[in-house]
Structures are given as C-alpha cells and as structure tokens.
Asks: 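To start, I am sharing the structure in question, which I have written as structure tokens.
The sequence lines fix the lettering, A, B, ..., with proteins before strands; numbering per chain opens at 1. Just so you know, these numbers use all the heavy atoms, side chains as well, and skip hydrogens, waters and symmetry mates.
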2 protein chains.
Amino acid sequence: MSERGPRERMVFSAAQLIRRDGVASTGMREVAAHAEAPRGSLQHYFPGGKEQLVNEAVGWAGRYAGNRVARFLAALPEPTPGGLFAEMVRQWTDEYERVGFGGGCPVAAATVDCAESTASTREAAAAAFAAWTGPVARALADMGVPEERTADLATLMISTLEGALLIARAEQDVRALTTAARELAPLLDAAARTR
Amino acid sequence: MSERGPRERMVFSAAQLIRRDGVASTGMREVAAHAEAPRGSLQHYFPGGKEQLVNEAVGWAGRYAGNRVARFLAALPEPTPGGLFAEMVRQWTDEYERVGFGGGCPVAAATVDCAESTASTREAAAAAFAAWTGPVARALADMGVPEERTADLATLMISTLEGALLIARAEQDVRALTTAARELAPLLDAAARTR
DNA sequence: CGGCTACTATGACCGCTGTCATAGCGAATG
DNA sequence: CATTCGCTATGACAGCGGTCATAGTAGCCG
C-alpha cells in the first residue's frame, strides 16, 4: 500500500474505522491516531468537520468499489455475469476467512447512521452506490446483457451483496455470501444469453 | 396499536429510534421520552443497561418480521414465492411513499453498529435474521420449493431485501426495491415449479 | 531579513451519554 | 398499622464527543 500524504491516510482510516464501528462510534481523534496523522491536521484538511471527513470516506469507498470491477473482469478467464458476481462475493469471503468479520461496507454504515440525520452524507452514499453500480452495469453490457437490463441487474447484484454482507457479519459465517453467489449466478448468466 | 405496558413501549420505541438513527446515536433518555415512560423505569426494567434494551429491540424486530410472513401469505390469492417476496418489498415501498425514508431495518442498524463491539447484540441480530428466515423458508416449502433449497432461497430473499433497503434509503427512491422484486420473482417462482 | 503560507500543537469548552446512588411513592400483604 | 415490593424520581458523576481558539513551527518567496 503506497505511502500517501496525511490527508489521504485520514480519509482511508476513516473509511476503515467506519466500516468497523459505524459512523457515530468513530471519533475524530481516533481517525487521526489510526492514520498516524497529527490531530491538528484535522481542522486544517477538513474544515467541514466530521461531516466532510465522513463524506469523503464514503466517496473514496464508492470509487474503490467501482475500480475493483475492472480487476475482477481481468481475473476471469471468460467473463460472465455470474462469474463477476462470484468474484465480488469472493473478495468478502476471502477477507472474512482471513482476518475475521470485523468490518462491513462503509457505505452501508454511513447510510444506516446518517441517512436521516445528515443529508449530505446520505447523498454521498447514494453517489457511492452509483459509482459502484455504473461499472458493474457497463461490464454486464460488455457481456451481452441487453442495455435496458444492465442497470437493474447491477442494482440487484449490489443489493444482494450488501444484504448478504450484513447477514454474514451477524452470523459470523460466510454462508449467506456463498449462497447469494450460487443462487444468483444462473439468473445473471441467463440474462447474458438473451442477446 | 394496542396500549401495552411501559416496558414493551420502551422496547418498541428503541427499535423505532434505532432504525432511524442507528444504535450509537440513540440515547436512553430519548427512548424513555419517545415511549412516554418514566426515565427511572429504565434501570428497573433493563438492569443490563443499553445493551439489554438494544438486544430486546432487535429480538422484537426479528419476531415481528417473522410474524408478518403469515399475513403476507394470507393476503395472496394464490401463494407464490415471487408473490411473497413482492409483498415483503411492498411493505417497505408503502412505508417509504407514505411517511418518507426515515427508517431502515433495525436489525441491519444493530449489525452495522455493534457487530464488532458488542458480541451479545451481534448474536441477537443473528437470531433475529433466523427468526425471519425460518417462516419464509417454511412458506417456500409449502409452495412446493424442494426442502433442500428453502433455506438458501429464504436467505437470498432477505439478503436482497436488506440491501435494496439500504440503497433505497440512500437514494430516497424506491427504485432499488421494486427492481429487486421484479428481477428476483422469476427465479423464485421457477424454484417452486421444480417439484 | 521580513513576511507569507502551509501545517501542526494543545488546551479548553460545552454538550451529551450511560450509569449509579439515593430517596420517594403507593398499594398489596401479613 | 407495619413491612415489603414494584416502580418512579432526581441529581450527580465521570467520560468522551466534536469543535474552537490560540499559538507555534517550517519552509518558501520576495
């Protein structure tokens, strides 16, 4: 992981802590400490306060997820919608089996904690989902899914993944994730064959 | 809604506030006020503190969701898996269109906020998901879904619903929910015809 | 050198949180 | 009546939260 400036490190750390403990339980001082950044830099880089930091963390997470899609496609010998979804799921099962169920999706955490209280964060979360859905939908189109269904199927994939993530974390068991991948794959692949 | 005792009202209010603002942002005093219950009753009925109250709220939500399944089935002229799922989704779209996107699923909120920090709450969330998945799976069995697939499909349904809920709330648009219902129905109904 | 800009350092403030301690009420019970 | 028990009432406490104010440093520019 490259050695970025303190500002980026704080955003990254914020995302990491938020996905662990939620937005409300994550303190600013904690973020600075985790990023090994000086506390005084907080008000310098984020004059908008916690709200700004959280929003940037959410945005970062959305962009990160969107960028991963290309990598998943590259990793597949022959790209199929079901294969892409399996790869998206596998990223999480891998993490959970490797380091435990400590973290969920930071965008989900922000939505749960701030959707009603903080309008800007809710919008940041919506934007993050969009930044994630977009590349997935484009990938589906490249695999032969009819244009009018790509957006809907991408939303379905991410919905299912997010929900399975929640259940897996509650149960501390990847079962829900693997089930989602297995059950959804046929539906996704069928949509690609209708061209 | 029936006029219960103060204890039940507090549990109910806790669930309601949690699904709005998350666990961490929901104060005990706030719960008592919302339930119009005396503050002194908190430590009387919930000697285990906030943790106990939250866990009971989560348990209540799980039982509530499980009980709704029977009602949904009764409301369907001819029960089908896709129809059941549509009904589950409709409960949420109805609420969102009627009173706005103020609340999500309290179990999801508890999972996001407490999965890592509070073991007992994580277990309560897992139990709540189980109390929800169980009736759904049984309903699927009654509709002719092979026994070995009922649990998996029930998990898939709830995963997708939970995820779509998150996205809908972030976007303040029921689109993700209606999409989930529309796209998943064929897959679910196909499973019922394989007996 | 003087000054300006970017960044860091700290301490204080105020509000809120969960929890505890203590005392009070009111009715049923013996 | 006296006791007990279920429930309520309040105030205090200790801790932590985000934020602000203020001052300091380091380095570049002119």
Asks: Could you state the atom-to-atom distance from CD of B:Glu30 to C1' of C:dG18 in whole Å?
Replies: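 That distance rounds to 14 Å.
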
Asks: Can you work out whether B:Leu42 or A:Pro38 has the more 5'-proximal nearest nucleotide on DNA chain C?
Replies: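 Checking each residue's closest nucleotide, the 5'-ward one belongs to A:Pro38.
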
Asks: Taking CD from A:Gln52 and C1' from D:dT19, how many angstroms apart are they, rounded to a whole number?
Replies: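 So the CD-C1' distance, A:Gln52 to D:dT19, works out to 14 Å.
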
Asks: Please state how far atom OH in A:Tyr45 lies from atom C1' in C:dT8, giving the value in whole angstrom units.
Replies: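 Nearest whole value for this atom pair: 9 Å.
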
Asks: Using whole Å, report how far NZ of B:Lys50 lies from P of C:dT19.
Replies: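 For the pair B:Lys50 NZ and C:dT19 P, the rounded distance is 8 Å.
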
Asks: In whole Å, what is the span from the CZ atom of B:Phe46 to the P atom of D:dT8?
Replies: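 Nearest whole value for this atom pair: 11 Å.
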
Asks: Ignoring the backbone of A:Pro6, work out which of D:dA21, D:dT19, C:dT8 is nearest its side chain.
Replies: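 Closest of the options to the side chain of A:Pro6: C:dT8.
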
Asks: Nearest-Å distance, CZ (B:Arg29) to P (D:dT8)?
Replies: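 Taking atom P of D:dT8 as the reference, CZ of B:Arg29 is at 17 Å.
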
Asks: If we ignore angles and hydrogens, is there a donor and acceptor under 3.5 Å between the side chains of A:Ser120 and A:Glu51?
Replies: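 Result is yes, a qualifying pair exists.
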
Asks: So for atom CZ, which belongs to A:Arg182, do other residues, nucleotides or ligands contribute more than 12 heavy atoms lying within a distance under 6.0 Å?
Replies: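 Atom CZ in A:Arg182 is packed in, count exceeds 12.
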
Asks: Provide, to the nearest angstrom, the distance between the CG atom belonging to B:Asp113 and the P atom belonging to C:dG18.
Replies: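 Spelled out: CG on B:Asp113 to P on C:dG18 is 13 Å.
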
Asks: Any side-chain N or O of B:His44 less than 4.0 Å from the OP1 or OP2 oxygen of D:dT8?
Replies: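 No, B:His44 has no side-chain N/O under 4.0 Å of OP1/OP2 on D:dT8.
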
Asks: Base, sugar-phosphate, or nothing for B:Ser25, non-hydrogen atoms under 4.0 angstrom?
Replies: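 Nothing: the residue B:Ser25, judged by heavy atoms under 4.0 Å, touches no strand.
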
Asks: Under 3.5 Å, is there a donor-acceptor pair between the B:Glu87 and B:Gln91 side chains?
Replies: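 Absent: no donor and acceptor within the cut-off.
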
Asks: For a quick check under 3.5 Å, do B:Arg20 and B:Thr26 share a side-chain donor-acceptor pair by atom type?
Replies: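 The criterion, which ignores hydrogens and geometry beyond distance, is not satisfied for B:Thr26 and B:Arg20.
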
Asks: With rounding to the nearest 0.5 Å, note down the distance linking CZ in A:Arg169 to CG in A:Leu177.
Replies: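 CG of A:Leu177 is found 12.0 Å from CZ of A:Arg169.
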
Asks: For A:Pro47 and for A:Ala24, find the nucleotide of DNA chain D with the closest heavy atom, then tell me which residue's nucleotide is more 5'.
Replies: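 That would be A:Ala24.
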
Asks: Rounding to a whole Å, what distance do you find between B:Arg39:CZ and C:dT22:C1'?
Replies: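 After rounding, the gap between these two atoms is 13 Å.
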
Asks: Which nucleotide in the list C:dA21, D:dC7, D:dT19 gets nearest to the side chain of B:Gln43?
Replies: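 In terms of side-chain proximity for B:Gln43, the closest of C:dA21, D:dC7, D:dT19 is C:dA21.
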
